[in-house]
Amino acid sequence: MRTSIEIPDSLFERARRLARRRGTSFKSLVEEGLRRLLAEDAGRKFKLRDESFRGDGLVGGGDRLDWERVRDEIYAGRGS
């Protein structure tokens with residue numbers, strides 16, 4: 001696929017010199033860079049942020065609620 005990108009002149013010149021030193025084309029250098037970034041990103045695993053809080057958990061007898069009472073408490077005053 002053909003595409004166009006705009007990059008700063010200084011970056012282009014550095015990349016072109018690197019490609020020349022490696023004996024490859026600018027295109028190949030860009031492809032290699034994209035492949036590396038995509039592989040690195042694919043290797044990252046989702047990490048859930050720790051959003052825990054200090055405290056004793058449920059308060060006010062909430063540990064004795066069944067599901068129907070929990071639902072009623074959540075929707076209390078909301079017309080349901």
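Scope of the values below: all heavy atoms of this structure, side chains included, with no hydrogens, waters or symmetry mates.
Arg36 has a carboxylate O that lies under 4.0 Å from a charged side-chain N of Glu32, or vice versa, which qualifies the two as a salt bridge.
In terms of the side-chain contact (heavy atoms from CB on, under 4.5 Å) criterion, residue partners of Glu68 (sequence neighbours excluded) are, by chain and number, Asp66, Arg71. Scored by the side-chain hydrogen bond (donor to acceptor under 3.5 Å, both in side chains) test, Asp9 finds no partners at all (sequence neighbours excluded). With sequence neighbours left out, Lys47 forms a side-chain contact (heavy atoms from CB on, under 4.5 Å) with no residue at all. Not counting sequence neighbours, the partners of Leu34 by the side-chain contact (heavy atoms from CB on, under 4.5 Å) test are Val30. Arg17 pairs by the side-chain hydrogen bond (donor to acceptor under 3.5 Å, both in side chains) definition with nothing, not counting sequence neighbours. The side-chain hydrogen bond (donor to acceptor under 3.5 Å, both in side chains) check on Ser10 picks up nothing, with sequence neighbours excluded.
For Arg14, the CZ atom is loosely surrounded, since the number of other residues' heavy atoms within 6.0 Å does not exceed 12.
One finds the CZ atom of Phe26 at 9.5 Å from the CD atom of Glu13 (value rounded to the nearest 0.5 Å).
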